[in-house]
Amino acid sequence: MLKRTSPLLFAIIAFIVGLNLRPILASVGPLYSVLQREAGLTATQFSLLTTLPVAMMGLAALCGPWLLATVGAVRGIMFGLFILLVACLLRGFSASPANLMGTALLGGASIGTIQALMPALVKKEYTQTASTIMSLFSTGIMAGAAVAAASAEPLFSWLTLKPALAMAGLLALLALIMWLTLVKHPQGEKPARETVTLSSSRTALLLLFFGVGTGAYTLVLAWLPPLYIQAGWTARSSGYMLAWLTLTEVVAGFVVSALIGKFPDRRVPLIAVLLLLLAGLLCLVFSPGTTPVLSTLLLGTGIGALFPLSLIVTFDHARTPAQAGKLLSKVQGGGYMIAALMPLIAGIVSDSSVSLTSAWLIMSAGVVLLIVIALNFKPVVDVQAR
């Protein structure tokens, strides 16, 4: 199904595909006040615009092995991009709560499909450069969030709410066109059928690690702009701050891409970035909204490095392309279900007139748990079933 393509060209296309996997989430945070005013959303309903797509990303990821066996990776990613395009365009027709929730579900399903199938494709076609390509793919995900966060309020001021929400469809269209250039006779792809031989206890650790770590990302993505808005910042400034944080994540992701080969023992970079993330969360606990530069650097570096590292650590445990797809589907599937809870908890806390500090404290405790789990990730030489 995949035309013969150089690793560099495929990495560029994978990066562009990754750009599309967060705008539908990242564009809503800076528009918190607008969505409350024009769509009538409560804080809990607002949180669902992040929780629902993240939960659907988990469900779609769990279906990854079935998609790989029945549709195939290349064609599945193609369908995922098309569905994501439709979800973005539908937001241009209505900003009602029902439509926003429906497109959040649709977009989350398509994003989860792409994220579940890309690792198997990379592992199969680009074995020697798989870690680098996966790092660039996940860095593209964060870069897309930065673009969406920075442009959300300016686009609203220029186009009004519905067209601003639909603009992400242009990027999805570009990615779909570029992906179509890779497709070769989609009906000829042969599905791979292999079982994952990793122990259930290790799979559970990987799932919990990915879920809690991604929970920090989804919490910050949804609720950092409202935090600054409540502290007196404008919506545009809060969007720019989220964009700067996400750009810091992108830089951290590129650093991981460049240096990951020097760390066969992943525990060294994992512990370092988790300590940075914990420090950033504590800034929000003890000085909410008043240390933007320091908290941005700490959170951006920690989250930006942790996301690709989580995927790479999971990737390390797979010995074949089929195992990569199935293991990533389990880890991402359950992990995104866990991650979906954090924005929802913050929304419920906000509607209850309780300070968001409670949400940051819960997340800080989660990071301490991640440090304990990371100590168990010794270099993988040969993983056996138990």
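Because the structure is a prediction, the values reported are computed rather than measured. Only this structure's heavy atoms are used, side chains among them; waters, hydrogens and symmetry mates stay out.
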Q | Donor-acceptor contact present, side-chain Thr301 to main-chain Leu298, <3.5 Å | A | no
Q | side chain to side chain contact (heavy atoms under 4.5 Å, CB included) evaluation trace for Leu274 with Leu278 | A | CA-CA 6 Å; Leu274 286 170; Leu278 179 61; over 6 Å; no
(Q) Whether the side chain of Thr291 engages the backbone of Leu294 through a donor-acceptor N/O pair (distance < 3.5 Å, no angle test) should be reported. (A) no
**Q.** Proximity of Phe46 and Trp223 rings by center, below 6.0 Å
**A.** yes
Q: Verify the distance criterion only: is there a donor paired with an acceptor across the side chains of Thr42 and Thr44 at less than 3.5 Å?
A: no
(Q) Can you confirm whether Gln332 sits close enough to Leu311 that some side-chain heavy atom of one is under 4.5 Å from a side-chain heavy atom of the other? (A) yes
Q. Side-chain heavy atoms under 4.5 angstrom apart, residues restricted to Ile, Leu, Val, Met, Phe, Trp, Tyr: same cluster for Leu62 and Ile83?
A. no
Q: Look up atom OG1 in Thr214 and atom CG in Leu306, then write down how far apart they are to the nearest 0.5 Å.
A: 7.0 Å
Q | Interatomic spacing from OG1 in Thr357 to CG in Leu284 - rounded to 0.5 Å | A | 8.5 Å
Q) Under a 4.5 Å cut-off applied to non-hydrogen side-chain atoms, are Pro154 and Arg236 in contact? A) yes
Q: Indicate, with yes or no, if Val349 and Val54 share a hydrophobic cluster defined by side-chain heavy-atom contacts under 4.5 Å among Ile, Leu, Val, Met, Phe, Trp and Tyr.
A: yes
(Q) Under a 3.5 Å cutoff, is there a donor and acceptor pairing between the side chains of Thr132 and Thr129? (A) no
Q. Less than 4.5 Å apart, any side-chain heavy atom of Leu105 and any of Met101?
A. no
Q: Would you kindly confirm whether Leu247 and Val293 end up in one hydrophobic cluster when ILVMFWY residues are joined by side chain heavy atoms under 4.5 Å apart?
A: no
**Q.** Working for side chain to side chain contact (heavy atoms under 4.5 Å, CB included), residues Val256 and Ile312
**A.** CA-CA 10 Å; Val256 170; Ile312 290 169; 4.1 Å; yes
(Q) Counting C-beta onward and ignoring hydrogens, is there a side-chain heavy-atom pair between Ile373 and Phe377 closer than 4.5 Å? (A) yes
Q: Would you please classify the geometry between the Phe307 ring and the Phe210 ring as parallel, tilted or perpendicular, with 30° and 60° separating the classes?
A: tilted
Q | Under 3.5 Å donor-acceptor, Ser350 side chain and Ala43 backbone | A | no
Q: Using atom types as modelled and distance alone, determine if a side-chain donor or acceptor of Arg266 lies under 3.5 Å from a backbone N or O of Phe263.
A: yes
**Q.** Between Thr51 and Ser47, a side-chain donor and acceptor under 3.5 Å
**A.** no
(Q) Whether the side chain of Thr234 engages the backbone of Ser237 through a donor-acceptor N/O pair (distance < 3.5 Å, no angle test) should be reported. (A) yes
Q: Evaluate the side-chain proximity of Leu100 to Leu41: yes if any heavy-atom separation is below 4.5 Å, no if none is.
A: yes
Q) Any side-chain donor-acceptor pair under 3.5 Å between Gln115 and Tyr336? A) yes
(Q) Checking the side chain of Trp179 only, and the main-chain atoms of Val74 only, is there a donor and an acceptor separated by less than 3.5 Å? (A) yes
Q.
Quick check: do Val17 and Phe137 have side-chain heavy atoms less than 4.5 Å from each other?
A. yes
Q. Is any side-chain heavy atom of Pro225 closer than 4.5 Å to a side-chain heavy atom of Tyr32?
A. no
Q.
When you group the ILVMFWY residues by side-chain heavy-atom contacts below 4.5 Å and let the links chain together, are Tyr217 and Leu276 in the same group?
A. no
Q. So do the side chains of Leu35 and Gln45 get within less than 4.5 Å of each other, counting heavy atoms only?
A. no
Q. In the single-linkage hydrophobic clustering (I, L, V, M, F, W, Y; side-chain heavy atoms under 4.5 Å), do Val147 and Met167 co-cluster?
A. no
Q) Do you know which two heavy atoms are closest between Asn20 and Ala168, and how far apart they sit? A) OD1-O, 4.3 Å
Q: Measure across Ala60 and Leu67 and return the closest heavy-atom pair with its distance rounded to 0.1 Å.
A: O-CD1, 4.3 Å
